[in-house]
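Data block below; observations after.
Remember, it's a predicted structure, so these values are computed and weren't measured experimentally.
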Amino acid sequence: MFEIADHAFASVLERLDDFTDDRHFGTWALKFALREATVRLQTRAWRGRELPAEPDPQTYCSSVGSEPEASPEQRELLSALPAAIADALTPEQRHVLGALALNGVPIDVLAERLESNRGAVYETLRDARQRLRTHLGRRGPTVP
């Protein structure tokens with residue numbers, strides 16, 4: 001556990017050039033150190049675990065949409081989502097969306113496994129979500 005705290009502290013020291021005078025240093029350093037420590041803990045928790053297989057969106061969407069408080073619009077959107085995922089997304093986008101949104105894999109863990117970086121994985125997720133909105137918007141359901 002001390003190694004995680006040491007790494008977080010070292011990361012703060014490496015980023016001192018990013019600090020600007022318009023922020024309180026203690027708040028900035030604590031926030032940055034907590035984020036670094038959280039990433040390390042998540043990565044450690046996933047060490048040795050395989051990423052879940054790409055989930056079946058049909059199964060996931062049908063269980064979410066069956067809740068009593070789901071509105072008819074939500075049910076319509078969720079019923080159209082699996083086909084939209086299959087039709088509109090690239091295999092890479094499906095993999096990233098499935099891992100992050102449906103299986104709860106931390107973004108830093110996924111980036112490491114894909115030998116990429118957090119920004120590139122986030123951009124892939126953002127692009128996938130935008131493609132889904134566009135695709136579903138053409139088919140009728142209102143997309144928030």
Side-chain angles (χ1 to χ4, degrees), residues 1-12 14-20 22-24 27-144:
M1 191 62 88
F2 288 115
E3 68 187 53
I4 291 173
D6 288 344
H7 178 76
F9 181 69
S11 295
V12 168
E14 289 173 6
R15 302 256 185 183
L16 281 176
D17 291 340
D18 295 344
F19 175 71
T20 59
D22 62 337
R23 294 183 264 173
H24 186 310
T27 304
W28 174 84
L30 181 60
K31 188 182 284 187
F32 189 82
L34 285 174
R35 182 186 174 287
E36 288 294 315
T38 301
V39 167
R40 290 285 174 174
L41 286 171
Q42 289 174 334
T43 302
R44 180 180 282 180
W46 278 83
R47 189 180 301 153
R49 288 175 59 185
E50 288 190 33
L51 292 179
E54 194 171 307
D56 176 14
Q58 186 70 47
T59 304
Y60 178 78
C61 293
S62 64
S63 66
V64 173
S66 64
E67 297 160 356
E69 63 273 4
S71 69
E73 294 83 13
Q74 286 176 312
R75 287 191 188 105
E76 179 185 1
L77 180 61
L78 288 170
S79 67
L81 193 55
I85 290 171
D87 295 343
L89 302 184
T90 67
E92 179 186 20
Q93 289 171 332
R94 282 194 301 271
H95 178 68
V96 168
L97 179 71
L100 298 177
L102 303 180
N103 285 319
V105 176
I107 193 167
D108 294 294
V109 171
L110 185 59
E112 180 182 297
R113 300 285 174 89
L114 295 175
E115 297 178 356
S116 185
N117 62 59
R118 183 179 228 277
V121 173
Y122 181 78
E123 187 173 329
T124 302
L125 177 64
R126 184 182 53 85
D127 291 346
R129 292 173 68 185
Q130 183 58 46
R131 286 179 95 168
L132 285 174
R133 279 188 200 98
T134 301
H135 184 79
L136 290 169
R138 276 190 243 134
R139 299 200 182 271
T142 304
V143 183

Task: Check against side-chain contact (heavy atoms from CB on, under 4.5 Å), Arg131 and Thr90 - done: CA-CA 10 Å; Arg131 286 179 95 168; Thr90 67; 3.2 Å; yes

Reported [atom1]-to-[atom2] distance for the pair [X] and [Y], which is rounded to 0.5 angstrom:
| X | Y | atom1 | atom2 | answer |
| --- | --- | --- | --- | --- |
| Arg118 | Asp108 | CZ | CG | 4.5 Å |
| Asp87 | Leu132 | CG | CG | 10.0 Å |
| His95 | Leu89 | NE2 | CG | 13.5 Å |
| Arg94 | Ile85 | CZ | CD1 | 9.5 Å |

TODO: Kindly give the heavy-atom pair with the smallest separation between Ala111 and Asn117, and that separation in Å.
DONE: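 Closest approach of Ala111 to Asn117: CB-C, 3.6 Å.
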
Open item on the list: So which atom in Ala88 and which in Gln93 form the shortest heavy-atom distance, rounded to 0.1 Å?
Closed with: O-OE1, 4.3 Å

Open item on the list: For the backbone of Val105 and the side chain of Asn103, can you confirm whether one donor and one acceptor N or O come within less than 3.5 Å of each other?
Closed with: no

- [ ] Check Leu97, Leu114, Val121, Thr124 against Glu92 for a side chain to side chain contact (heavy atoms under 4.5 Å, CB included) and give me the one that passes.
- [x]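 The single option meeting the side chain to side chain contact (heavy atoms under 4.5 Å, CB included) with Glu92 is Thr124.
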
- [ ] Answer whether the closest heavy-atom distance between the side chains of Arg129 and Arg133 falls below 4.5 Å.
- [x] yes

